[in-house]
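Here the structure is laid out as structure tokens; the discussion comes afterwards.
Here is the naming used below: chain letters follow the sequence lines, and residue numbers restart at 1 for every chain.
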2 protein chains.
Amino acid sequence: MTETFQIGQLATKLAVPVETIRYYEREGLLPKPARSNGNYRLYADNERTRLEFILHCRALDMTLQEIRTLLSLRDAPEKGCAEVNALLDEHIGHVTERMRALRRLHTELKSLRAHCEVPSASKDCGILQELASAPIKRRKSVAAGVHAANRGS
Amino acid sequence: MTETFQIGQLATKLAVPVETIRYYEREGLLPKPARSNGNYRLYADNERTRLEFILHCRALDMTLQEIRTLLSLRDAPEKGCAEVNALLDEHIGHVTERMRALRRLHTELKSLRAHCEVPSASKDCGILQELASAPIKRRKSVAAGVHAANRGS
DNA sequence: TAGACACTCTGTAGTAGGTTCAGGGTCAAG
DNA sequence: CTTGACCCTGAACCTACTACAGAGTGTCTA
């Protein structure tokens, strides 16, 4: 019989909040674990490994949906891993695009900042004036993260 | 008497969804506009200008809270614009940090991808193996966007 | 045996910045 | 008088968690 641990121990070991583990269970990324007499969750090594897998993927900024896909591929060892490659390539594509957007953004912010090197009264502030009148370049918000929803053309 | 337009016209002009305009009003970024007899919102040029200002700021990935601050500075022309500069500098700092994080992430993803140039059965997939065993480097999620919450050390 | 304290349980609500939907009202044209 | 385009409010949904509230469990000490 292998060693089991309860949720707090698992959380400490992997440096993840307890609530996150329960959340992943609710979301179907982790299976429902065994329970103790007192209804505490009991985890063994396979759950621990699975959670580690998930955390690695999250550290690489994949969405839970992407991770679900990877887990299902991992659970089907007879299938090829071409899908894994495809998913990863697409994810890398997202990241690349986001880097480009951030670079553009950075340039623009720097140029905006240059409008006001010498502090003055805010009614004469070059930055505020620029913000009021600069053309709006519609772009996907960087704040949306790596996985931007497509809004608009 | 200046020309007025209703929400759909304003939305079309500035290429923003109607719902977003109403949302900004709820959030207090836009003032409550005049209403027609039929209870339709009626906008004039000053609201339009204010909305443009907000959209420019959003295009630069500022949060609504940052924009609220900028708007209040804009509304107080007697105050200095040192605060504007400070806000912008901090925002640029966020963006810079995020760019760095994205570059690290990109490197890591590329290296992971290199584990499986030749598709094989998924049970032998180098990527899946790597994801299961690689050390977890805790980092702020890039998906949190430019404005990351600080979670954990 | 009782109390203190740490741990766990479920369920709900909040976060940012919107988007989508249901169920209705308004207005001009045909 | 009906069609269709527009508008209204209020609430639910999205991601990936996080933060409670209120209750039960388990262990240690007095």
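Candidate nucleotides C:dT10, D:dT9, C:dG18 were compared by shortest atom distance to the side chain of A:Arg35, and C:dT10 ranks first. Of the candidates D:dC17, D:dC7, C:dT8, C:dT8 carries the atom nearest the A:Arg22 side chain, counting heavy atoms from C-beta on. Checking D:dA16, C:dC9, D:dT18 against the side-chain heavy atoms of A:Pro17 singles out D:dT18 as nearest. Comparing C:dC9, C:dG18, D:dA16 against the side chain of A:Thr63 picks out D:dA16 as the nearest.
For the pair A:Gln9 CD and C:dA6 P, the interatomic distance rounds to 16 Å; values are reported in whole Å. For the pair B:Glu25 CD and D:dC8 C1', the computed distance is 11 Å after rounding to whole Å. Spacing between atom CZ of B:Arg41 and atom P of D:dC8 amounts to 5 Å, rounded to whole angstrom units. In this structure, the CD1 atom of A:Ile7 is 16 Å from the P atom of D:dG26, given to the nearest Å. One interatomic measurement links the two molecules: CG of B:Leu29 to P of C:dG18, which rounds to 9 Å at whole-angstrom precision. Atom CG of A:Leu64 and atom C1' of D:dT18 are 14 Å apart (whole Å). Whole-Å rounding puts the A:Ile67 CD1 to D:dA16 P distance at 8 Å. Regarding A:Leu10, its CG atom lies at a distance of 10 Å from the P atom of C:dT8, rounded to whole Å.
Nucleic acid contact for B:Gln6: sugar-phosphate only, since backbone atoms but no base atoms lie under 4.0 Å from a heavy atom of the residue.
Where B:Ser36 and B:Gln65 meet DNA chain C, the nucleotide closest to each residue was compared, and B:Gln65 sits on the side nearer the 5' end. Residues A:Asn37 and B:Leu42 each lie close to DNA chain D; by heavy-atom proximity, the contact nearer the 5' end of the strand is made by B:Leu42. A residue-by-residue look at B:Arg26 and B:Val18 shows that B:Val18 has its nearest nucleotide of DNA chain D further toward the 5' end.
Scanning atom types as modelled, one donor and one acceptor separated by under 3.5 angstrom connect the side chain of B:Tyr40 and the base of D:dC6. Between the side chain of B:Tyr24 and the base of C:dG18 there is no donor-acceptor pair of N/O atoms closer than 3.5 Å.
In this structure, A:Arg50 contributes its side chain and A:Leu29 its backbone to a donor-acceptor pair below 3.5 Å. Between the side chain of B:Ser111 and the backbone N or O of B:Thr107, no donor-acceptor pair lies under 3.5 Å. Between the A:His91 side chain and the A:Leu60 main chain, a donor and an acceptor come within less than 3.5 Å of each other. With hydrogens and angles ignored, the 3.5 Å screen pairs no side-chain donor or acceptor of A:Glu90 with any backbone N or O of A:Leu87.
Closest non-hydrogen pair, B:Tyr40 versus B:Gln6, comes out as CD2-OE1, 3.6 Å.
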